[in-house]
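Notes follow once the structure below has been shown.
For reference, positions follow the sequence shown, starting with 1.
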Amino acid sequence: MVGIFSLVTGWPGPSGFGSSSTAEQVTQGIDGTNLTAIITGGASGIGLETSRVLALRGVHVIIGARNVKAANEAKKTILTEIETARVDVLELDLCSIRSIRAFADNFIALNLPLNILINNAGIMFCPFQLSQDGIEVQFATNHIGHFLLTELLLDKMKNTVKTTGIQGRIVNLSSIAHTHCYKNGIRFDHINAKEGYNDKRAYGQSKLANILHANELSRRLQEGGVNITVNSVHPGLIMTPLFRHSAVLMRGGDDLLRGPPPTAEGSHRQILCRLQ
């Protein structure tokens, strides 16, 4: 109940920020000119706002996007507002293992540091379908894709930490929907089964996997003495293209909150925590 009250009212938490705080407010005063960040799905919704504000703070932003044309339009929009912004676009389809490997290779070939990895892209409440690799599409996109991407880029981030002394950050965009999973949790033996599939529970399953991934990777890095933090975060209820399969749900949510949902700018949690 307290959490819902804080969400609706914007009452600040221990950090001094609340659901009504903007990304610009949270990052005020930060100089990120020596940082490079990869943001998956950084061309729309929360991802676009994250890209814009990190670019505003001087961070070199790499947008990983399936729709390269849309991502370049997003880049153009950011550069129109922020002439000094450093934004690049690389193709990334999280539903394709081949595309993920190609993205990692292409990024490493740029010979850039990697300070921040924000695993933001996702899909939600989709009808049952399999990815081109034969994996249930929500689990493939939301978890497997980001899991593989993180593994492929982890050594790059470790090397960046070692050479610069700057702490690395990995952020998984999860959701409070992780609590609305299948009865016995993740269906490890039936991940790709159409029988018993529920679009909402499948989404919750993928978000639970995001959290487990972040927790276990964080534990291993801490045990190894590696200066990289790994966190998962629920960004709040925001009207973005993620809701394209759930218009009815969004209308119901608007009625519940007695007003329009927060804007993408209104969710500061995609940044997760201050970079300094």
(message) Main chain of L92, side chain of R66: is a donor-acceptor contact present, judged purely on distance under 3.5 Å?
(response) no
(message) Quick check on the hydrophobic clustering: are I123 and I191 connected, directly or via other members, by side-chain heavy-atom contacts under 4.5 Å?
(response) no
(message) Other residues, nucleotides and ligands only: do more than 12 of their heavy atoms fall within 6.0 Å of CD on E223?
(response) yes
(message) Could you measure the distance from the CZ atom of F103 to the CG atom of L152? Nearest 0.5 Å is fine.
(response) 10.5 Å
(message) Quick check against the 3.5 Å criterion: does H180 have a side-chain atom that pairs as donor or acceptor with the backbone of G204?
(response) no
(request) Mind checking the NE2-OG1 spacing from H213 to T150? Nearest 0.5 Å is all I need. (result) 4.5 Å
(message) Using a 3.5 Å distance criterion without hydrogens, assess whether the side chain of T160 forms a donor-acceptor pair with backbone atoms of P113.
(response) no
(request) For the pair N115 (side chain) and T36 (backbone), establish whether a donor and an acceptor sit closer than 3.5 Å, ignoring hydrogens and angles. (result) yes
(request) Measure across A121 and L94 and return the closest heavy-atom pair with its distance rounded to 0.1 Å. (result) CB-CD1, 3.5 Å
(message) As an exercise, state the distance from OH of Y203 to SG of C126, rounded to the nearest 0.5 Å.
(response) 10.0 Å
(request) Go through the steps for L173 and I118 under the test side-chain contact (heavy atoms from CB on, under 4.5 Å), then give the verdict. (result) CA-CA 8 Å; L173 265 288; I118 301 179; 4.0 Å; yes
(message) Between Q205 and R187 (side chain of the first, backbone of the second, donor and acceptor by atom type, cut-off under 3.5 Å), is there such a pair?
(response) yes
(message) Could you check whether R52 pairs with E49 (Lys NZ or Arg NE/NH1/NH2 to Asp/Glu carboxylate O, under 4.0 Å)?
(response) yes
(message) Counting C-beta onward and ignoring hydrogens, is there a side-chain heavy-atom pair between L110 and L90 closer than 4.5 Å?
(response) yes
(request) Go through the steps to decide whether R101 and L148 satisfy the test side-chain contact (heavy atoms from CB on, under 4.5 Å), and finish with yes or no. (result) CA-CA 8 Å; R101 292 188 180 280; L148 177 59; 4.1 Å; yes
(request) Determine whether F147 and I97 fall in the same hydrophobic cluster, where Ile, Leu, Val, Met, Phe, Trp and Tyr are linked whenever their side-chain heavy atoms lie under 4.5 Å apart. (result) no
(message) What I'd like to find out is whether the side chain of C181 reaches to under 4.5 Å of the side chain of R201, using heavy atoms alone.
(response) no
(request) Output yes when a side-chain donor or acceptor of Q138 lies under 3.5 Å from a complementary backbone atom of F125, and no otherwise. (result) yes
(request) Only one of V59, V87, L35, I30 passes side chain to side chain contact (heavy atoms under 4.5 Å, CB included) with L54; say which it is. (result) V59
(request) Check whether any side-chain N or O of S174 sits under 3.5 Å from a backbone N or O of K207 as a donor-acceptor pair, and report yes or no. (result) yes
(request) Any chance you could measure I135, atom CD1, to S96, atom OG, to the nearest 0.5 Å? (result) 10.0 Å
(message) Treating S232 as the side-chain partner and N172 as the backbone partner, does any N or O pair qualify as donor plus acceptor under 3.5 Å?
(response) no
(message) To check you understand the geometry: which heavy-atom pair defines the closest contact between V89 and A71, and what is its length?
(response) CG1-CB, 3.6 Å
(request) Tell me who clusters with Y182, hydrophobic residues only, linked when side chains sit under 4.5 Å apart either directly or through other members. (result) F128, L130, Y197
(message) On a heavy-atom basis, which atom in S21 and which in V26 lie closest, and how many Å separate them?
(response) CB-CG2, 4.4 Å
(request) Can you see which heavy atom on A202 is nearest to which on E136, and at what distance? (result) CB-OE1, 4.2 Å
(message) Nearest 0.5 angstrom please: T40 OG1 to D93 CG, how far?
(response) 11.5 Å
(message) For L217 and L154: C-alpha separation, side-chain torsions, deciding distance, then whether side-chain contact (heavy atoms from CB on, under 4.5 Å) applies.
(response) CA-CA 10 Å; L217 181 55; L154 192 55; 4.0 Å; yes
(message) If I compare all heavy atoms of I46 with all of P235, which pair ends up nearest, and what's the gap?
(response) CD1-CB, 3.6 Å
(request) Specify the closest pair of heavy atoms between V61 and S51, including all atoms of both residues, with the distance to one decimal. (result) CG2-O, 3.8 Å
(request) Identify whether F107 and I100 are in the same connected component of the hydrophobic contact network (ILVMFWY, side-chain heavy atoms under 4.5 Å). (result) yes
(request) Salt-bridge test for R219 and E216: reply yes if a basic N is under 4.0 Å from a carboxylate O, no otherwise. (result) yes
(request) Let me see the working for L79 and K75 under side-chain contact (heavy atoms from CB on, under 4.5 Å), right down to the final yes or no. (result) CA-CA 6 Å; L79 290 173; K75 173 183 176 178; 3.9 Å; yes
(request) Pick out which of T77, N120, I78, I63 makes a side chain to side chain contact (heavy atoms under 4.5 Å, CB included) with L48. (result) I78
(request) Enter the distance from I170:CD1 to M157:CE here, rounded to the nearest 0.5 Å. (result) 4.5 Å
(message) Under 3.5 Å, is there a donor on one side chain and an acceptor on the other for S206 and N142?
(response) yes
(request) Using the rule that two of Ile, Leu, Val, Met, Phe, Trp, Tyr join whenever any of their side-chain heavy atoms come within less than 4.5 Å, decide whether I38 and L112 are in one cluster. (result) yes
(request) Would you please name every residue forming a side chain to side chain donor-acceptor pair (under 3.5 Å) with E151, sequence neighbours left out? (result) none
(message) If only side-chain N and O atoms count, and only distance matters, is there a donor-acceptor pair under 3.5 Å linking D31 with T33?
(response) yes
(message) Has R57 got a side-chain atom pairing as donor or acceptor with E24's backbone, closer than 3.5 angstrom?
(response) yes
(message) With no hydrogens and no angle check, just 3.5 Å: does a side-chain donor-acceptor pair link Q222 and S218?
(response) yes
(message) According to a hydrophobic-cluster definition based on side-chain heavy atoms being under 4.5 Å apart (Ile, Leu, Val, Met, Phe, Trp, Tyr only), do V226 and L117 belong together?
(response) yes
(message) Less than 4.5 Å apart, side chain to side chain, heavy atoms only: is that true for L149 and N119?
(response) yes
